[in-house]
Amino acid sequence: MKKSAFILTILLLVSRLLGMGRELILSHFYHTSIYTDAYFLSRSISNIVFGIFAAGMVTTFIPMYIRTREQQGTEKANRFMSNATNFMILVTVVLSILGMLFPEALLFVFANDLPPEAMELTIRFVRVGLISIVFSGIRSMFEGYHQSNQHFFVAPVAGLFVNFILIFSILISVKTDPIALAWGLVAAALFQAIFVYVFARMDGYKHHFFIDFKDENLQAMMVVALPIILGSSVDQINAIVDQSLASGFGVGAISKVNYANLLNDAILSIFVATMTTILYPKLAKQAFRKDYEGLKETLTKMLNTVNLLVIPGMIGMYLLAYPIVRVTFGRGFTPENVTLTAQILQGFVIGLIAYAMKQILVRTFYALQDSKTPVRVGVFGVALNIGLDLYLMNIWGLPGLAYATSFSAMITMLLLYFALRKKLNGLRVKEFMISFSKTLLASTVMGITVFKLYHYSLLTHSMSHALFVSVAVGVVIYMLCMHFLKVPEYKIMMDSLWRKIYDIIRRLKHKYSN
């Protein structure tokens, strides 16, 4: 398990770096323009339209597949997999067709303040981009299959190649037509679907084309999935509202929010994805077997591990938001755009730990077959987010949308934590708080050091050099603090890391000595 987590983290890190490179190339050629706005909107609309349905399907599929396999065998479980995947294809095809027929309705919801030229361009992008949700549906079901069978590396490896496809589409669009950006999204989704399917075939899976609506497993999955779909739609309302309100700030506003969110998501997509991908099937098994003490232990380790990775990143990114944006996207941005994007990034970053913990807590509720609690909390969160959006937007402008999202995430995370604590008759609160406090202390010391060192280095070095040096020193300071504070999860993680390094060195010595 530790080896899987290490390799998965490396794969996600490389994929994220490639993704950052992809967005750098996009910003270099298109800056913040109607083309980037259209591209980000089409990508966002496709993800949200697909995500509303897929979140419920895939999240409930994993525990249902595991239960079917344990109770009825692999053959029955794979037949259920075929049925569920075919149902996913049917729904995504219908959603795709409806979206392509009525793109104006989607844009009325997502971005109703676009100027006519931008609206016409975005409609073209949306019509093409919506094709990708069919392939995304196939991909998501097979990713669930691979996770259920402890094959954690298939999806991340596919993600590595996807970045090259998207980079190629950006370069092609510069020479031909910007609509190639949207076709790149379709090509990437198609590649991922084929990739995960081929590996499932290699694992012995055989797909059968049928839809059995009377299948008890499918019916049971949909009963559980429906509240999750409602909950997911509630979560997506936040994204829709933010996109719609951002469109009122003029051309490029949507792009600024997306660029800031990209940097913010870099930490979440690596570390939180690792935890949920590897340990969610374990949570589902523990919940199915009613091993609640084991589930509490797994949950606490997940939260503590994610915190020790996310909190230092949160503090560091908040303090160094301007140079981070300037070094990454600054070449394609005006100084005013850099400042505004950095302010938006700071708004998102303060909620990083809340986003991370919220994802894990929601998954735990799903593992316990309780989808109603996240829905109720989610409905409250949407109302809170909309209210904060309207209030803070009038005070802080575009960054107010980011701060509103973070504040609502903090409150909903706390509500979920206390609800789960009540449901399980207590959680390991003391263990969690000790780890959290030590991590926060180490991160604060690191943050102060990094901030002061950056400004000192800036007097004699370039911004990129000062940023690199301060971050490198900050990592060392943080590691030293965590070592002396004796955080258990940190020790486990570092012991595992040093073992991997030692094994690599030993293998290299053995290879070259022979």
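Note: hydrogens, waters and symmetry copies are ignored here, and every other heavy atom, side chains too, is used. When a residue number appears, it is its place in the shown sequence, counting from 1.
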- Evaluate whether atom CZ of F161 has more than 12 neighbouring non-hydrogen atoms of other residues, nucleotides or ligands under 6.0 angstrom away. no
- Query: Taking all atoms of both residues into account, what is the closest heavy-atom pair of K301 and T305, and its distance?
  - Reply: O-OG1, 2.7 Å
- Query: Which value, rounded to the nearest 0.5 Å, describes the distance between Q71 atom CD and T68 atom OG1?
  - Reply: 7.0 Å
- Among I311, L303, V487, L441, the one residue meeting side-chain contact (heavy atoms from CB on, under 4.5 Å) with F436: I311
- Message: With rounding to the nearest 0.5 angstrom, report the CZ to CE distance, F142 to M88.
- Response: 11.5 Å
Which pairs would a plain distance check flag for residues 409-422, meaning a side-chain donor or acceptor within less than 3.5 Å of a matching protein atom at least two apart in sequence or in another chain?
unit_1: T412; atom_1: OG1; unit_2: S408; atom_2: O; d: 2.9
unit_1: T412; atom_1: OG1; unit_2: A409; atom_2: O; d: 3.1

- Within the side chain of S140, is there an N or O that forms a donor-acceptor pair under 3.5 Å with the backbone of G137? yes
- Item | Gap between atom CG of L398 and atom CG of L392 - 0.5 Å precision | 12.5 Å
- Would Q72 and N217 satisfy side chain to side chain contact (heavy atoms under 4.5 Å, CB included), going step by step from the backbone distance to the final call? CA-CA 11 Å; Q72 303 178 41; N217 289 321; 4.2 Å; yes
- Item | Nearest-0.5 Å distance, CZ of residue R139 to CZ of residue F195 | 13.0 Å
Table please: side-chain donor-acceptor pairs of residues 471-485 below 3.5 Å, with sequence neighbours left out.
unit_1: Y478; atom_1: OH; unit_2: L308; atom_2: O; d: 2.6

- Query: Does a side-chain heavy-atom distance below 4.5 Å link I66 with R69?
  - Reply: yes
- Apply the test side chain to side chain contact (heavy atoms under 4.5 Å, CB included) to residues L295 and L424: give CA-CA distance (whole Å), side-chain angles for both, the deciding distance (0.1 Å), then the verdict. CA-CA 10 Å; L295 186 144; L424 294 175; 3.8 Å; yes
- Taking all non-hydrogen atoms of both residues, which atom of Y454 and which atom of L467 are closest, and how far apart? CD1-N, 3.9 Å
For residues 345-352, please give each side-chain donor-acceptor pair under 3.5 Å, one per line with the distance, not counting sequence neighbours.
unit_1: Q346; atom_1: NE2; unit_2: Y318; atom_2: O; d: 2.9

- Are H455 and F451 close enough that their ring centres sit under 6.0 Å apart? yes
- Item | Closest contact, heavy atoms only, H146 versus A200 | CE1-N, 3.5 Å
- Report yes if the distance between the aromatic ring centroids of F80 and F61 is under 6.0 Å, otherwise no. yes
- Message: Could you go through N425 and Y292, starting from their C-alpha distance and side-chain angles, then the distance that decides it, and tell me whether this counts as side-chain hydrogen bond (donor to acceptor under 3.5 Å, both in side chains)?
- Response: CA-CA 10 Å; N425 295 318; Y292 297 130; over 6 Å; no
- Step-by-step side chain to side chain contact (heavy atoms under 4.5 Å, CB included) determination, T405 to L401: CA-CA 6 Å; T405 301; L401 299 177; 5.5 Å; no
- CG/L26 to CZ/F40 distance, rounded to the nearest 0.5 angstrom? 5.0 Å
- Please, which pairs that meet side-chain hydrogen bond (donor to acceptor under 3.5 Å, both in side chains) have at least one residue in residues 463-472, sequence neighbours excluded? S462-S464
- Item | OG1-NZ distance between T339 and K256, expressed to the nearest 0.5 angstrom | 11.5 Å
- Message: Restricting to non-hydrogen atoms, name the atom on R22 and the atom on R43 that form the minimum distance, rounded to 0.1 Å.
- Response: NH2-NH1, 3.8 Å
- Query: Are M357 and N307 close enough, and set up right, to give a side chain to side chain contact (heavy atoms under 4.5 Å, CB included), and what steps lead you there?
  - Reply: CA-CA 8 Å; M357 291 180 61; N307 285 345; 3.9 Å; yes
- Note on the structure: Here the side-chain hydrogen bond (donor to acceptor under 3.5 Å, both in side chains) pairs for residues 392-404, sequence neighbours left out, are none
- Note on the structure: Smallest heavy-atom separation, M141 atom then A84 atom, equals CE-CB, 3.7 Å
- Query: Parallel under 30°, tilted from 30 to 60°, perpendicular over 60°: which one fits the rings of Y65 and Y145?
  - Reply: perpendicular
- Any side-chain heavy atom of L368 sitting closer than 4.5 Å to one from K423? yes
- Which heavy atom in V306 sits nearest to a heavy atom in I360, and how many Å separate them? CG2-CD1, 3.5 Å
- Donor-acceptor contact present, side-chain S435 to main-chain E431, <3.5 Å: no
- Task: Tell me, please, which residues at least two apart from F164 pass ring pair (Phe, Tyr, Trp, His ring centres under 6.0 Å).
- Result: none
- Message: I want to check something: taking the side chain as every heavy atom from C-beta on, are L427 and L299 in contact at a cut-off of under 4.5 Å?
- Response: yes
